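Take a look at the structure below.
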Amino acid sequence: MEAAYREAARQLAQQKRCVVLSGAGISAESGIPTFRSKGGLWEKYDPAVYASIEVFRKDPSKYWQIRGDFIRDYNRYQPNAAHRALVELEQAGIVRQIITQNIDGLHRKAGSRQVIEIHGSLREITCLQCGKQYLAPNVPDGTPPHCDCGGVLKPNTVLFGESLPPQALDSASREAQTCKTMLVIGTSAVVYPAAALPSLAKQHGARIIEVNIERAFPDADVVILEKATVAMTRLLEEIRTFIV
Ligand code: NAD
C-alpha cells in the first residue's frame, strides 16, 4: 500500500489538473448509506420499483417513502475528510474538475468549485405541475410533498428511466477525454453512463487511480484499497512532499 500512495501522489503532483469521479463511497463516512454495499438501500428495496420515473409518475409516495430511509434531512449531513482533501487539491491546482454521481451536495458544501453533479442534486426540488422550485430544507411536509398549486414535488435528481442532463454528460465526457489522470473514489462502477468515464479516459491516454474498499476497476493503474477518508488524508500528505 505504501508504494501505491507514493505512486499515486507522484502522478497527481507531476501531471496536475486531474479529474475526479466520485461515487457513494466517498460520502459513506458522512453517514449516508451506499446503495449496493452490504446493508445498502437496494438490499431492502428494488430500485426498479422505488426509484424509477415510471413508478414515480404513477405513485410518487413510493419514492418519498424510501427517501426517508436514505437522506431524510438533506442539511444534516456534513462533508468528511475526503471531500475536504479534494477542496485543498483543487486550490493547489491538482484537481481541475470533480464529476460526482452523488446527489448529496457534499462536494459543494465542502467548498469544491468545479463540480459536475451528473445525477443531479437533492438540493433543488421541482413541482411537476407548475415548475416552481423549492430549496431543501424548505420542502412542504407530506408523503409525497405537494406544491402550493397542488402538484407533486420531485427532487432534481435523475431516476431510473430518465436521461442524464445532456450538458452535464457532455462536459463530463470532455473532461474524461482530455485529462491525464482520473482519480476514481468510492464507486462500484455499475451505473452507466458514469461508469464508462474511466474507460473513456483510459482510451484517451489517462492513468486511473482508484480509491475504494474493494476494487471496482480492473483497468486501474494504481489501486488504494482503503476507506476514502483515510486514503485521501494520507494521499494529501504524500502529495505535499512532492510540491514543497
Ligand atoms: P454504489 O452504492 O453502487 O457503490 C458504492 C461504492 O463505494 C462501492 O464500490 C463500495 O466498495 C465503495 N465504498 C463503500 N464505502 C466506502 C468508503 N468508506 N470509502 C471508499 N469506498 C467505499 O455507489 P455508486 O457507484 O456511486 O452508484 C450508485 C448510484 O447511487 C449513483 O447514481 C448515486 O447517485 C447514487 N447514490 C448516491 C449517494 C449519495 O449521494 N451520497 C448514496 C448512495 C447512492
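One-based numbering, in listed order, for ligands and for the atoms of each. Since we're looking at a predicted model, the values are computed, not measured.
Below 4.0 Å from some heavy atom of Asp104 lie the following atoms of ligand 1, by number and element: 39 (C), 40 (O), 41 (N). The atoms of ligand 1 that sit less than 4.0 Å from any heavy atom of Gly186 are 5 (C), 6 (C), 7 (O), 21 (N). Each of the atoms 41 (N) of ligand 1 lies under 4.0 Å from some heavy atom of Ile32. Below 4.0 Å from some heavy atom of Glu214 lie the following atoms of ligand 1, by number and element: 11 (O).
Residue, atom and distance of the protein heavy atom nearest to atom 25 (O) of ligand 1 are Thr187 OG1, 2.7 Å. Scanning the protein heavy atoms around atom 28 (C) of ligand 1, the nearest turns out to be Arg36 NH1, 3.3 Å. The protein atom (non-hydrogen) at minimum distance from atom 3 (O) of ligand 1 is Ser188 OG, 2.5 Å. Scanning the protein for heavy atoms near atom 38 (C) of ligand 1, the closest one is Phe70 CZ, 3.7 Å. Closest protein heavy atom to atom 26 (O) of ligand 1: Ala24 N, 2.8 Å. Ranking protein heavy atoms by distance to atom 12 (C) of ligand 1, first place goes to Asn212 OD1, 3.0 Å. The protein heavy-atom contact nearest to atom 19 (N) of ligand 1 is Ala228 N, 2.9 Å. The protein heavy-atom contact nearest to atom 37 (C) of ligand 1 is Asn102 OD1, 3.8 Å.
Between the side chain of His119 and the backbone N or O of Asn102 there is no donor-acceptor pair closer than 3.5 Å. Between the side chain of Glu210 and the backbone N or O of Ala220 there is no donor-acceptor pair closer than 3.5 Å.
The side-chain contact (heavy atoms from CB on, under 4.5 Å) test with Ile99 singles out one residue from Leu21, Leu169, Val20, and that residue is Leu21.
Across all non-hydrogen atoms, the minimal contact from Leu164 to Val158 is CD1-CG1, 4.0 Å. Residues Asn75 and Lys109 share a closest heavy-atom pair of O-NZ, 3.4 Å.
One option in Glu117, Glu226, His119, Glu210 has a heavy atom closer to atom 31 (C) of ligand 1 than any other, and that option is His119. Considering each of Gln101, Met232, Glu29, the one bringing a non-hydrogen atom nearest atom 18 (N) of ligand 1 is Glu29. Selection from Gly23, Gly25, Ser22 by nearest heavy atom to atom 17 (C) of ligand 1 gives Gly25.
Separating the CD atom in Gln133 from the CZ atom in Arg123 is a distance of 11.0 Å, to the nearest 0.5 Å.
By the 4.0 Å N-to-carboxylate-O rule, Asp221 lies close enough to Lys202 to be salt-bridged with it.
Atom NZ of Lys154 has more than 12 heavy atoms from other residues, nucleotides or ligands within 6.0 Å. The environment of CZ in Arg57 is sparse: at most 12 heavy-atom neighbours from other residues, nucleotides or ligands sit within 6.0 Å.
Only side-chain heavy atoms of Ala28 come within less than 4.0 Å of ligand 1; its backbone N, CA, C and O stay farther off. If you look at Pro33 next to ligand 1, the close heavy atoms, those under 4.0 Å, all belong to the backbone. Only the side chain of Ser27 comes within 4.0 Å of ligand 1, judged by heavy-atom distances.
Inter-residue side-chain proximity for Ile26 and His83 is flagged as met; some heavy-atom pair is nearer than 4.5 Å. Counting only heavy atoms from C-beta outward, the side chains of His146 and Val152 approach each other to under 4.5 Å.
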